[in-house]
Amino acid sequence: MTDTQTASIKTRPESIRRPGLVTTPLTEPFWDRANEGELLIQHCSSCGHRQHYPRNICTSCWADEPLWMSASGNGVIWTFTVVEKPGHPAWADEVPYVIALVELEEGPRMMTRIVDCPPESVSVGMPVRLAPTWDDQLNQMLLNFASAVSE
């Protein structure tokens with residue numbers, strides 16, 4: 001890639017907005033608590049199964065209406081990728097960044113962004129912790145994660 005191509009990718013016109021969140025009645029409690037910096041997952045009162053993303057039934061026993069619970073915010077990176085070419089021009093000035101599948105201490109895995117950590121330092125099995133990040137454009141707290149390893 002030439003320097004000119006790189007410069008054009010890293011320059012985002014202010015008119016290009018990032019795609020926003022889509023909430024539903026089912027996900028509204030999740031996003032409301034996210035705005036307070038808290039990660040909610042669901043648990044089943046019938047079988048004890050814990051799950052994320054929100055669903056209307058337990059994915060283990062199919063019981064109706066799983067309950068919400070606070071997650072610890074601790075986990076490990078199960079797998080990840082370094083994004084060098086964004087899928088949408090609104091993220092062009094943020095590359096490279098890391099998207100990871102984090103296995104939460106409670107069991108479920110969730111897709112998230114790893115922040116405050118150079119991409120070359122990220123590894124499978126790396127301990128991470130919740131690092132809520134306010135997004136002015138979306139007017140929403142994003143539940144990112146950061147390394148839990150002290151430097």
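Just so it is clear, the values below take in all heavy atoms, side chains as well, and ignore hydrogens, waters and symmetry mates. Predicted, not measured: the structure shown is a model, and the values here were computed from it.
- Clustering ILVMFWY residues whenever any of their side-chain heavy atoms sit less than 4.5 angstrom apart, transitively, puts V128 in the very cluster that holds V82.
- Looking at Q137, its side chain does come within 3.5 Å of a backbone N or O of R18 through a donor-acceptor pair.
- Between the OH atom of Y53 and the CZ atom of R109 there is a distance of 14.5 Å, given to the nearest 0.5 Å.
- Side-chain contact check for C47 versus C58: some heavy-atom pair is nearer than 4.5 Å.
- Taking 4.5 Å as the limit, every side-chain heavy atom of D32 sits out of range of all side-chain heavy atoms of T23.
- Cluster membership for I114 and L142, using ILVMFWY side-chain heavy atoms within less than 4.5 angstrom, is not shared.
- At a threshold of 4.5 Å between side-chain heavy atoms, the hydrophobic network of Ile, Leu, Val, Met, Phe, Trp and Tyr places M69 and L104 in one connected group.
- The line from CE of M141 to CG of D135 is 10.5 Å long, rounded to the nearest 0.5 Å.
- Pairs engaging residues 118-130 under the side-chain hydrogen bond (donor to acceptor under 3.5 Å, both in side chains) rule: none recorded [sequence neighbours left out].
- Atoms CG and OG1, on L21 and T27 in that order, are 9.0 Å from each other to the nearest 0.5 Å.
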field: Stepwise side chain to side chain contact (heavy atoms under 4.5 Å, CB included) test for L143 and T112
entry: CA-CA 7 Å; L143 299 179; T112 187; 5.5 Å; no
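- The distance from atom SG of C61 to atom NE2 of H49, rounded to the nearest 0.5 Å, is 8.5 Å.
- F145 and V124 fall within a single hydrophobic cluster, where Ile, Leu, Val, Met, Phe, Trp and Tyr are joined by side-chain heavy atoms under 4.5 Å apart, directly or via other members.
- For the pair P19 and W91, the minimum side-chain heavy-atom distance is below 4.5 Å.
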- request: Apply side chain to side chain contact (heavy atoms under 4.5 Å, CB included) to the pair Y97 and V115, showing each step before the final yes or no.
  value: CA-CA 8 Å; Y97 58 89; V115 296; over 6 Å; no
- prompt: Given the rule in the side chain to side chain contact (heavy atoms under 4.5 Å, CB included) test, do S70 and L39 qualify, once you have shown the distances and angles that lead to the verdict?
  reply: CA-CA 6 Å; S70 293; L39 170 58; over 6 Å; no
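- Side-chain contact between I16 and H88 is present, with at least one heavy-atom pair separated by less than 4.5 Å.
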Q42/L26 under side chain to side chain contact (heavy atoms under 4.5 Å, CB included): CA gap, chis, key distance, verdict: CA-CA 11 Å; Q42 292 179 312; L26 175 64; 4.2 Å; yes
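- Rounding to the nearest 0.5 Å gives a distance of 8.5 Å between CD1 of I99 and OG1 of T81.
- V22 belongs to no hydrophobic cluster with other residues, because no ILVMFWY side-chain heavy atom falls under 4.5 Å from its own, directly or through intermediates.
- M110 and W68 end up in the same hydrophobic cluster when Ile, Leu, Val, Met, Phe, Trp and Tyr side chains are linked at under 4.5 Å.
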